[in-house]
Asks: 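Submitted below is the structure of interest, expressed as structure tokens.
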Amino acid sequence: MSSVDGSSLVAALRERGAALGLAMVGVTTPEASDHVAHVGRWLAQGYHGGMAYLAREDAVARRGDLHRTMETVRSVVVAADEYAQGDPPGVPDDPSRGVIARYARGRDYHKTLKKKLVALARWLDGQVARGVGFRAYVDTGPILERELAQRAGLGWFGKNTMLIHPRRGSYFFLGVLLVDVELPADKPFKADHCGSCRACLDACPTGALLGRDERGAPVMDARRCISYLTIEHRGPIPEELRPLTGNRVFGCDICQEVCPYTHKFSRPSQEPDYSPRPAWEAEWDRDADDPDDDGPTEAVIPTTDGPALVALMRMSEDEWDAYTRGSAMRRAGYAGLRRNVAIALGNWLAGMDTPDPEAVGELVAALSDEDDVVAEAAAWALGRIKRPSP
Ligand code: B12
Ligand code: SF4
Ligand code: SF4
């Protein structure tokens, strides 16, 4: 393919991406990763905590070399899909309500973005006479998505470790298409727009962000990150971190909320799938391709405000199943969410002179939860009730 053909094809690819609702589409080469050694050092420090899948030897090798994932890969298409949205009333300031990170308030992005990537690949396939072989990834493969995105010109690595675009901020998902056709690559994003700013480092409640290392890579100790603790971590949350998680019951956006680029340039997402999920109240269109998605569910918790902690704690497993169907929130599991909510209830009670009886009642009931981690979190939460002064 001549470079002229290639350039116009990439221009048309971007147009097609925009028509599918993708905010950005960039192209890079499948050359070996520059960052994989950094990832190795990060893993050696144990900063990944319990995310053992990141440290598997074969997965690390595959992160360094995309050809191990797809032998015939010739180019990499990276897409960004925006999910920004405002907070519901009461979030995050009302400590009786739980904060769910923006990315998980609507339909599971893995499904939505993957469909867009596959549609983009099929379109590309129709443009190239010999056809195009591809593999599509959203989070699921051993792929350093942010490094590829930086190389494809989509943004820089902020000190909060997010990939940030100077005119779009960082509330976007990344998806990657490995294709067996050579496309002209975009210029990598070289500039670091953080400068002397350190707003994210100062705002992180748990001190998870450690700043840049001597090579310029931003470093996070994921074991301290609320996103890790509330979503990925199994078992008890370290006690010293519990008061610092506040009312965040699933994920955390603080280091993005304070970032001047994200604050200034994020626009509400145009993707209906990423809007707060109406299923909590009424209709939720069924995803016919998803065997787990059996259609509209009953109202569990209304979404006009952020979800009340007491209501979240009261949910039965069946209600949780309905509440999280088709949502990224399923990842924490029923017990994981209850553990997080118990801790948030404890943080709420700690600020009250007269403890809320419903919160106390739910926590007392949870003392006999069949999951020991939930029961222990409930006991800890009840221990935070202020003792009346003598
Ligand atoms: C594991 C993981 C997590 C972990 C660890 C996060 C982390 N910072 O590493 C936890 C659970 C904490 C997490 C949290 C979140 N995640 Co996450 N996560 C991932 C996942 C699956 C792998 C990331 C990984 O390999 N981390 C290990 C680090 C060491 O590697 P890295 O991400 O490539 O980044 C490092 C290097 O590239 C290097 N580097 C950067 N510049 C330079 C320069 C030089 C010279 C060198 C040598 C190296 C170097 O430093 C970076 C940081 O250490 C990716 C998907 C994917 N496959 O990439 C999503 C992903 C990164 N997550 C995403 C999201 C949305 C989130 C959350 C916002 C969710 C939430 N609201 O709770 C938070 C954000 C927290 C934060 N500040 O990062 C998005 C990010 C999109 C974006 N715009 O950046 C991704 C890309 C998923 C997706 N497909 O959209 N996540
Ligand atoms: S997501 Fe929250 S806890 Fe994690 S690094 Fe950012 S501010 Fe800190
Ligand atoms: S808050 Fe400041 S230091 Fe942190 S990522 Fe944004 S610009 Fe960079």
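When a ligand or atom number is given, it counts from 1 through the structure's own listing order. Keep in mind it's a predicted model, so treat the numbers as computed, not measured. Count residues from 1 along the sequence.
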Asks: What is the minimum heavy-atom distance between A328 and F250, and which atoms define it?
Replies: O-CZ, 3.5 Å
Asks: Please could you name the atoms of ligand 3 that K159 approaches to less than 4.0 Å, counting only its heavy atoms?
Replies: 3 (S), 5 (S), 8 (Fe)
Asks: Which bit of T262 gets closer than 4.0 Å to ligand 3, counting heavy atoms only: side chain, backbone, both or neither?
Replies: neither
Asks: Does R234 CZ have over 12 foreign heavy atoms under 6.0 Å away?
Replies: yes
Asks: Looking at atom 7 (S) of ligand 2, what's its closest protein heavy atom, distance included?
Replies: C255 N, 3.4 Å
Asks: For ligand 2, which atoms, with element, lie under 4.0 Å from some heavy atom of C204?
Replies: 3 (S), 5 (S), 7 (S), 8 (Fe)
Asks: Name the closest protein heavy atom to atom 4 (Fe) of ligand 3, giving the residue it belongs to and the distance to 0.1 Å.
Replies: C200 SG, 2.3 Å
Asks: May I ask you to identify the nearest protein heavy atom to atom 8 (Fe) of ligand 3, giving residue, atom name and distance to one decimal place in Å?
Replies: C194 SG, 2.3 Å
Asks: I'd like to know if atom 19 (C) of ligand 1 has any protein heavy atom within a distance of less than 4.0 Å.
Replies: no
Asks: Angle class for the H193/Y261 ring planes (parallel below 30°, perpendicular above 60°, tilted otherwise)?
Replies: perpendicular
Asks: Pairs of nitrogen or oxygen atoms closer than 3.5 Å, one from N160 and one from ligand 1: do any exist?
Replies: yes
Asks: Where is the nearest protein heavy atom to atom 34 (O) of ligand 1: which residue, which atom, and how far?
Replies: F157 CE2, 3.5 Å
Asks: Protein heavy atom under 4.0 angstrom of atom 68 (C) of ligand 1, is there one?
Replies: yes
Asks: Which atom pair, heavy atoms only, marks the closest approach of R146 to F157?
Replies: CB-CZ, 3.2 Å
Asks: Between SG of C252 and OH of Y228, what distance do you get to the nearest 0.5 Å?
Replies: 15.5 Å
Asks: Which ligand 1 atoms, with their elements, are less than 4.0 angstrom from a heavy-atom of F173?
Replies: 90 (O)
Asks: Below 4.0 angstrom from a heavy atom of D139, which ligand 1 atoms are there? Numbered from 1 as shown, please.
Replies: 21 (C), 54 (C), 55 (C), 59 (C), 87 (C), 88 (C), 89 (N)
Asks: As an exercise, identify every atom of ligand 2 less than 4.0 angstrom from a heavy atom of I254.
Replies: 7 (S)
Asks: Heavy atoms only: which of G169, S196, C197, C259 lies closest to atom 3 (S) of ligand 3?
Replies: C197
Asks: Would you say N347 and R242 are linked by a side-chain donor-acceptor pair, where the criterion is simply a distance under 3.5 Å?
Replies: no
Asks: Using the ring of each side chain (for Trp, its six-membered ring), is Y334 parallel, tilted or perpendicular to W320, with breaks at 30° and 60°?
Replies: tilted
Asks: With heavy-atom distances below 4.0 Å as the criterion, list the atoms of ligand 1 near S170.
Replies: 83 (N)
Asks: Which atoms from ligand 3 have a heavy atom of Y261 less than 4.0 Å away?
Replies: 7 (S)
Asks: Taking only heavy atoms of Q256 into account, list the atoms of ligand 1 that are under 4.0 Å away from them.
Replies: 68 (C)
Asks: Would one find an N or O of V39, backbone or side chain, under 3.5 Å from an N or O of ligand 1?
Replies: no
Asks: Would Y53 count as a contact residue for ligand 1, given that I'm defining contact as a non-hydrogen atom of the residue lying under 4.0 Å from a ligand atom?
Replies: yes
Asks: Any salt bridge between R325 and D321, counting N to O under 4.0 Å?
Replies: yes
Asks: Can you confirm whether something in the protein, heavy atoms only, sits under 4.0 Å from atom 63 (C) of ligand 1?
Replies: no
Asks: Do R97 and W348 meet the cation-pi criteria used here (NZ or CZ under 6.0 Å from the six-membered ring centre, within 45° of the axis)?
Replies: no
Asks: If you measure every N/O of H35 against every N/O of ligand 1, is any gap under 3.5 Å?
Replies: yes
Asks: In terms of relative ring orientation, are Y103 and Y109 parallel, tilted or perpendicular, with 30° and 60° separating the classes?
Replies: perpendicular
Asks: Report the part of A101 (side chain from C-beta onward, or backbone N, CA, C, O) that has a heavy atom under 4.0 Å from ligand 1; answer both or neither where that applies.
Replies: side chain
Asks: Heavy-atom contacts with I143 under 4.0 Å: which atoms of ligand 1 show up? List them by number with element.
Replies: 56 (C), 57 (N), 58 (O)
Asks: With a 4.0 Å cut-off, strictly under, does atom 2 (C) of ligand 1 pick up any protein heavy atom?
Replies: no
Asks: Can you report which non-hydrogen protein atom sits closest to atom 52 (C) of ligand 1, along with the distance?
Replies: P218 O, 3.0 Å
Asks: Short list, please: which atoms of ligand 1 are under 4.0 Å from a heavy atom of Y103?
Replies: 69 (C), 70 (C), 71 (N), 72 (O)
Asks: Would you mind telling me if ligand 1 is within reach of the side chain of F172, the backbone, both or neither, using heavy atoms under 4.0 Å?
Replies: both
Asks: Atoms of ligand 1 less than 4.0 Å from M162 heavy atoms?
Replies: 68 (C), 74 (C), 76 (C), 77 (N), 78 (O), 80 (C), 81 (C), 82 (C), 83 (N), 84 (O)
Asks: Starting from atom 9 (O) of ligand 1, find the nearest protein heavy-atom neighbour and note its residue, name and distance.
Replies: R146 NH2, 3.6 Å
Asks: Are L113 and Y171 grouped together when hydrophobic residues (ILVMFWY) are joined by side-chain heavy atoms under 4.5 angstrom apart?
Replies: yes
Asks: Would a search of protein heavy atoms around atom 89 (N) of ligand 1 find one under 4.0 Å away?
Replies: yes
Asks: State plainly whether one hydrophobic cluster holds both M70 and L177, where clusters connect Ile, Leu, Val, Met, Phe, Trp and Tyr through side-chain heavy atoms under 4.5 angstrom apart.
Replies: no
Asks: In plain terms, say whether R130 and D180 are close enough for a salt bridge, that is, a side-chain N and a carboxylate O under 4.0 Å apart.
Replies: yes
Asks: Identify the protein heavy atom lying closest to atom 2 (Fe) of ligand 2, giving its residue, its atom name and the separation to 0.1 Å.
Replies: C252 SG, 2.3 Å
Asks: Can you find an N or O of L174 that's nearer than 3.5 Å to an N or O of ligand 1?
Replies: yes
Asks: Using a 4.0 Å cutoff against the non-hydrogen atoms of G251, which atoms of ligand 1 qualify?
Replies: 72 (O)
Asks: Output the list of atoms in ligand 3 that are nearer than 4.0 Å to some heavy atom of I164, sorted by atom number.
Replies: 5 (S)
Asks: Where is the nearest protein heavy atom to atom 14 (C) of ligand 1: which residue, which atom, and how far?
Replies: S227 OG, 3.2 Å
Asks: Under a 4.0 Å threshold between the charged nitrogen and the carboxylate oxygen, would E358 count as salt-bridged to R314?
Replies: yes
Asks: Which distance, rounded to the nearest 0.5 Å, do you find between the CG of L382 and the CG of L349?
Replies: 7.0 Å
Asks: So is N160 close enough to ligand 2, meaning a heavy atom under 4.0 angstrom away?
Replies: no
Asks: When clusters are formed by joining ILVMFWY residues with side-chain heavy atoms under 4.5 Å apart, either directly or through shared neighbours, do L241 and V373 land in the same one?
Replies: no
Asks: Could you walk me through whether D273 and K111 satisfy the salt bridge (charged side-chain N to carboxylate O under 4.0 Å, His left out) test, starting with their C-alpha distance in whole Å, then the side-chain angles of each, then the deciding distance to 0.1 Å, before giving a yes or no?
Replies: CA-CA 10 Å; D273 275 6; K111 300 177 187 184; over 6 Å; no
Asks: Under a 4.0 angstrom heavy-atom cut-off, which atoms of ligand 2 come close to T206?
Replies: 3 (S)
Asks: When L163 is tested against each of W156, F172, F189 for side-chain contact (heavy atoms from CB on, under 4.5 Å), which residue passes?
Replies: F172
Asks: What's the shortest heavy-atom distance between V138 and E145, and which atoms?
Replies: C-OE2, 3.6 Å
Asks: Specify side chain, backbone, both or neither for E145, according to which of its non-hydrogen atoms lie closer than 4.0 Å to ligand 1.
Replies: both
Asks: Between R41 and D213, does any NZ, NE, NH1 or NH2 come within less than 4.0 Å of an OD or OE carboxylate oxygen?
Replies: no
Asks: Among all protein heavy atoms, pick out the one at the shortest distance from atom 76 (C) of ligand 1; state its residue, atom name and that distance to 0.1 Å.
Replies: M220 CE, 3.3 Å
Asks: For E240, look at atom CD and say whether over 12 heavy atoms of other residues, nucleotides or ligands are found less than 6.0 Å away.
Replies: yes
Asks: Please tell me if atom 84 (O) of ligand 1 is touched by the protein, where touching means a protein heavy-atom distance below 4.0 Å.
Replies: yes
